[in-house]
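Both ligands and their constituent atoms are indexed starting at 1 by order of listing.
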Amino acid sequence: MKILILYFSGTGNTQKIAELYSKAFKECGDEVITETLPDAENKISALNLNEFDLIGFGYPIHAFNAPANVLKLAEKIPLLKEQKNAFVFKTSGEPVRMSDVSSLKLIKILKKRNISVTNEYQYVMPYNIIFRHSDEMAYRMWDVAQKIVPLDCREIKNGVPKKAKRMFMGGFLAWFLRIEHWGARFNGKRYKVSSDCVHCGLCAKTCPANNITLAPDGKIKFGKNCLMCMRCSFTCPKNAIKIGLFNSWKVNGAYSFDPPPADAPNPPDKHANYCKKAYNRYFSEAEQKINAARNEAN
Ligand SMILES: Cc1cc2nc3c(=O)[nH]c(=O)nc-3n(C[C@H](O)[C@H](O)[C@H](O)COP(=O)(O)O)c2cc1C
Ligand code: SF4
Ligand code: SF4
């Protein structure tokens with residue numbers, strides 16, 4: 001099979017999942033081409049999507065929706081000659097059922113281009129906003145993702161459909177929450193840098209919306225195209241970026257994703273009860289899938 005994976009990742013979580021997909025398909029002997037936003041937007045008209053047998057779309061959930069740039073990319077896809085199957089993979093900080101609505105708009109746009117989404121998967125990865133997950137939790141999420149992506153890959157290849165559950169008023173809810181796209185631009189104008197900034201220019205260089213400029217006098221300016229992807233504030237080496245109205249929710253610095261050493265201090269996790277039921281359900285469903293595959297292999 002020839003597979004195209006198109007994805008966006010603000011702070012690396014969705015990228016890690018895209019890499020797992022690419023590896024799993026390649027191990028099955030498939031040819032995989034991966035393109036990420038923003039470059040994918042310029043390349044989409046040059047890529048002949050008719051040539052691919054399968055297309056994957058990946059994104060981080062933002063306010064129970066796909067980010068604006070992902071929808072824009074989908075809108076740029078021309079009408080395909082024949083119907084193509086597609087799968088969607090998305091990452092989120094919590095596994096609540098409400099996230100099932102997040103792909104509705106994307107699926108609708110793709111359908112108009114003769115692309116049918118047959119499989120949709122959500123992977124819980126650590127928050128890049130709201131609060132920092134513990135290292136132990138980040139490792140647990142990553143460990144599960146590494147085990148289930150190859151199984152989800154196999155499901156896709158075997159033609160076993162997996163759709164997100166339909167929710168009452170789901171379309172309306174997703175439409176209403178897409179106010180976040182406007183909110184991101186509004187709030188992005190309110191980003192500021194503190195005196196800790198060392199003018200390294202990393203934020204301006206890596207912003208996927210080209211929304212940051214480093215003036216000759218060293219001043220950092222934020223434009224009106226922010227996606228609230230958190231890349232700038234998450235990766236700033238001096239933790240110097242203030243993210244407007246949501247500054248108290250800022251998370252700075254990459255997660256390690258390594259297993260915590262056995263003798264690591266184990267401070268009480270102050271978020272241990274946050275969405276506990278939903279996380280337990282997510283991990284237990286993943287475990288069931290992993291065990292079922294193991295039993296099948298024996
Ligand atoms: C603006 C914004 C909104 C978010 N909204 C949600 C949400 O509605 N539900 C959720 O579970 N996680 C939400 N998250 C967390 C991200 O989806 C999660 O950390 C994701 O794995 C980040 O992926 P990335 O590193 O590929 O950008 C949000 C993050 C941002 C920055
Ligand atoms: S990444 Fe941080 S330190 Fe570097 S220019 Fe941007 S705000 Fe300043
Ligand atoms: S300004 Fe920061 S949060 Fe906004 S799009 Fe650029 S990198 Fe992302």
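Listed by atom number, the atoms of ligand 1 under 4.0 Å from Pro126 heavy atoms are 19 (O). Annotation for ligand 3: atoms under 4.0 Å from non-hydrogen atoms of Tyr191 are 3 (S). Counting the atoms of ligand 1 from 1 in the order shown, those under 4.0 Å from a heavy atom of Gly10 are 24 (P), 26 (O), 27 (O). Which parts of ligand 2 touch Ile220 is read off a 4.0 Å heavy-atom cut-off, strictly below it: atoms 5 (S). Within the listing of ligand 1, atoms 28 (C), 29 (C), 30 (C), 31 (C) sit less than 4.0 angstrom from a heavy atom of Ile129. Contact atoms of ligand 1 toward Pro60: 20 (C), 22 (C), 23 (O), 24 (P), 26 (O), 27 (O) (distance under 4.0 Å to a heavy atom of the residue). Set against the non-hydrogen atoms of Pro237, the atoms of ligand 2 under 4.0 Å away are 1 (S). Listed by number with element, the atoms of ligand 1 under 4.0 Å from a non-hydrogen atom of Met230 are 31 (C).
No more than 12 heavy atoms of other residues, nucleotides or ligands sit less than 6.0 Å from atom NZ of Lys242.
Comparing heavy-atom distances from atom 6 (C) of ligand 1 across Ile61, Val124, Ile130 singles out Ile61 as nearest. Selection from Ala63, Pro95, Cys275 by nearest heavy atom to atom 5 (N) of ligand 1 gives Ala63.
Using a 4.0 Å cut-off between charged nitrogen and carboxylate oxygen, Lys76 and Glu41 count as a salt-bridge pair. Lys23 has a carboxylate O that lies under 4.0 Å from a charged side-chain N of Glu27, or vice versa, which qualifies the two as a salt bridge. The pair Arg113-Glu75 does not meet the salt-bridge criterion, since no charged nitrogen lies less than 4.0 angstrom from a carboxylate oxygen. Note on Glu296 versus Lys289: no salt bridge recorded, every NZ/NE/NH1/NH2 to OD/OE distance being 4.0 Å or above. We find that Asp30 and Lys157 are joined by a salt bridge, their nearest charged nitrogen and carboxylate oxygen being less than 4.0 Å apart.
Taking the centre of each ring, Phe89 and Tyr21 come in below the 6.0 Å mark.
For atom 9 (N) of ligand 1, the nearest non-hydrogen atom of the protein is Glu94 OE2, 3.2 Å. Scanning the protein heavy atoms around atom 31 (C) of ligand 1, the nearest turns out to be Met228 O, 3.2 Å. Of the protein's non-hydrogen atoms, the one nearest atom 8 (O) of ligand 1 is Phe64 N, 3.0 Å. Counting protein heavy atoms only, atom 25 (O) of ligand 1 is closest to Thr11 OG1, 2.5 Å.
Within the 4.0 Å heavy-atom cutoff, Glu180 counts among the residues contacting ligand 1. Remark: distances from the non-hydrogen atoms of Ser99 to ligand 1 are all 4.0 Å or more.
Contacts with ligand 2 closer than 4.0 Å are made by heavy atoms of both the backbone and the side chain of Val198. Contacts between Leu214 and ligand 2, counted as non-hydrogen atom pairs separated by less than 4.0 Å, are absent for every part of the residue.
Annotation: protein N, O or S atoms under 2.8 Å of atom 6 (Fe) of ligand 3 (waters excluded) comprise Cys207 SG.
Remark: Lys16 qualifies as a cation-pi partner of Trp142 under the 6.0 Å distance and 45° angle criteria applied to the six-membered ring.
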